[in-house]
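One structure below.
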Amino acid sequence: MNITYTRPALQAEIEKVAEVAGYLWQKGWAERNGGNITINITAHIDEALQALPALTEPRPIGKKLPHLAGCWFYCKGTGRRMRDLARDPMANGSIIRILPGCDSYEIVADAPVAPTSELPSHLAVHDYLLAKGSPYRASLHTHPIELVALTHSPKWLQKDAATRMLWSMIPETRAFCPRGLGIVPYLMPSSVELAEATIRTLDEDYDVVMWEKHGVFAVETDILNAFDQVDVLNKAAQIYIAARSMGFEPEGMRDAQMEELKAAFKLPK
Ligand code: 2HA
Ligand code: ZN
């Protein structure tokens with residue numbers, strides 16, 4: 001029995017995961033088992049869930065994350081495909097709870113699907129978000145084609161070079177991704193170094209971080225909003241590439257137009 005069925009708020013969060021997983025697949029951003037989703041669902045955990053026995057023995061996280069005391073997460077399963085999550089998120093992911101001590105977890109529902117190999121990095125990001133009092137509860141890693149393509153040129157790896165170009169392609173980009181695109185130079189996937197660099201870059205006040213020649217990592221209040229930020233940024237990259245394919249360098253919005261937008265939307269940067 002799927003434990004979310006009788007809990008509309010929790011069910012709604014899981015349905016958002018399925019919806020976004022479908023978009024990632026349709027966009028070609030989620031080949032094979034590419035990408036990850038983790039959601040902090042602690043706010044939706046009731047006493048009956050608290051009392052559920054674990055499906056597995058405690059498993060080590062690999063680090064101590066003190067702000068995750070009492071937290072629960074939905075996590076994509078390791079090796080699972082986004083296109084399968086889209087059909088059945090609870091068969092291709094699982095609900096885990098962090099155990100007292102904050103350095104281990106157990107799988108509680110619906111089936112003992114082992115969480116993503118990126119779990120320590122995702123949990124470290126959630127720990128960081130809670131520590132700073134952020135309302136963000138969703139984290140998304142995916143491989144958006146045009147954004148990844150940009151990172152193959154050193155030009156777009158300079159701090160905020162891609163941000164300024166992307167913002168200037170279409171006004172919505174700055175309005176809806178007001179913190180722009182942080183950059184993390186290439187690091188080994190799943191490494192501690194990559195997790196640490198991601199947190200450092202989020203802390204420089206970005207919601208979306210670009211991993212050179214790999215993909216993006218986005219955080220937001222929920223998974224739909226995390227997806228939207230990446231979608232808006234990637235759309236701007238597509239416009240840039242479309243202009244280049246037509247044989248010219250796009251002009252971009254003028255500085256005065258960008259400043260006008262910043263004032264009108266009261267944007268942070
Ligand atoms: O887990 O994309 O970088 C699948 C990935 C890891
Ligand atoms: Zn990846």
Side-chain angles (χ1 to χ4, degrees), residues 14 16-40 59-63 65 73-96 105 107 111-128 138-152 156-157 162 181-202 206-220 223 226-227 229-231 233-234 237:
I14 303 298
K16 288 182 205 171
V17 169
E19 182 179 340
V20 166
Y23 298 151
L24 299 176
W25 167 248
Q26 287 157 15
K27 285 187 161 288
W29 298 356
E31 71 289 347
R32 201 171 179 271
N33 65 324
N36 278 304
I37 293 175
T38 57
I39 314 286
N40 184 338
R59 299 172 179 197
I61 298 170
K63 56 170 92 179
L65 298 166
F73 294 89
Y74 169 84
C75 309
K76 174 181 175 278
T78 184
R80 302 298 174 126
R81 299 180 181 94
M82 286 294 178
R83 63 181 192 263
D84 292 334
L85 250 75
R87 270 188 303 104
D88 195 345
M90 290 304 288
N92 292 283
S94 56
I95 290 178
I96 66 166
Y105 70 93
I107 303 175
V113 176
T116 160
S117 57
E118 303 271 4
L119 188 69
S121 336
H122 276 250
L123 291 182
V125 168
H126 286 290
D127 183 74
Y128 157 77
S139 74
L140 167 67
H141 164 58
T142 187
H143 303 160
I145 300 165
E146 288 81 4
L147 286 175
V148 175
L150 282 182
T151 69
H152 285 263
W156 301 119
L157 297 175
L181 184 64
I183 303 285
V184 169
Y186 183 84
L187 287 164
M188 185 66 192
S190 308
S191 63
V192 176
E193 291 76 15
L194 180 57
E196 287 172 351
T198 302
I199 291 171
R200 270 200 310 278
T201 310
L202 291 171
Y206 295 99
D207 294 334
V208 187
V209 172
M210 186 83 232
W211 293 345
E212 180 186 340
K213 303 185 183 95
H214 180 169
V216 294
F217 192 100
V219 289
E220 252 287 9
I223 196 65
F227 169 77
Q229 290 233 21
V230 180
D231 191 30
L233 289 165
N234 196 67

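When a ligand or atom number is given, it counts from 1 through the structure's own listing order. Every value quoted in this text rests on a predicted model; they were computed, and no experiment measured them. We number each residue from 1, following the sequence as shown.
A search for ring-ring contact (aromatic ring centres under 6.0 Å, His included) contacts involving Tyr128 returns nothing, not counting sequence neighbours. Considering only residues two or more places apart in sequence or on other chains, Asn33 meets the side chain to side chain contact (heavy atoms under 4.5 Å, CB included) condition with Lys76.
Judged by distance alone, the side chain of Asp231 and the main-chain N or O of Phe227 form no donor-acceptor pair under 3.5 Å. For the pair Asn36 (side chain) and His141 (backbone), a donor-acceptor distance under 3.5 Å is absent. No donor-acceptor pair closer than 3.5 Å links the side chain of His214 to the backbone N or O of His143. Checked by atom type and distance alone, the side chain of Ser94 pairs as donor or acceptor with a backbone atom of Val113 at under 3.5 Å.
Val148 approaches Thr151 most closely through the heavy-atom pair O-OG1, 2.7 Å.
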Between the protein and ligand 1, which nitrogen or oxygen pairs come in under 3.5 Å, and how far apart is each?
residue  : atom  : partner : partner atom : Å
ligand 1 : 1 (O) : Asn36   : ND2          : 2.9
ligand 1 : 2 (O) : Gly35   : N            : 2.9
ligand 1 : 2 (O) : His141  : NE2          : 3.2
ligand 1 : 2 (O) : His143  : NE2          : 3.1
ligand 1 : 3 (O) : Glu118  : OE2          : 3.1
ligand 1 : 3 (O) : His141  : NE2          : 3.2
ligand 1 : 3 (O) : His214  : NE2          : 2.9

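In this model, no donor atom of one side chain and acceptor atom of the other lie less than 3.5 Å apart for Ser117 and Thr78.
In this structure, the separation between NZ on Lys16 and OH on Tyr74 is 14.5 Å, given to the nearest 0.5 Å.
The count of protein N, O or S atoms under 2.8 Å from the Zn ion (ligand 2) stands at 3, with waters excluded from the count.
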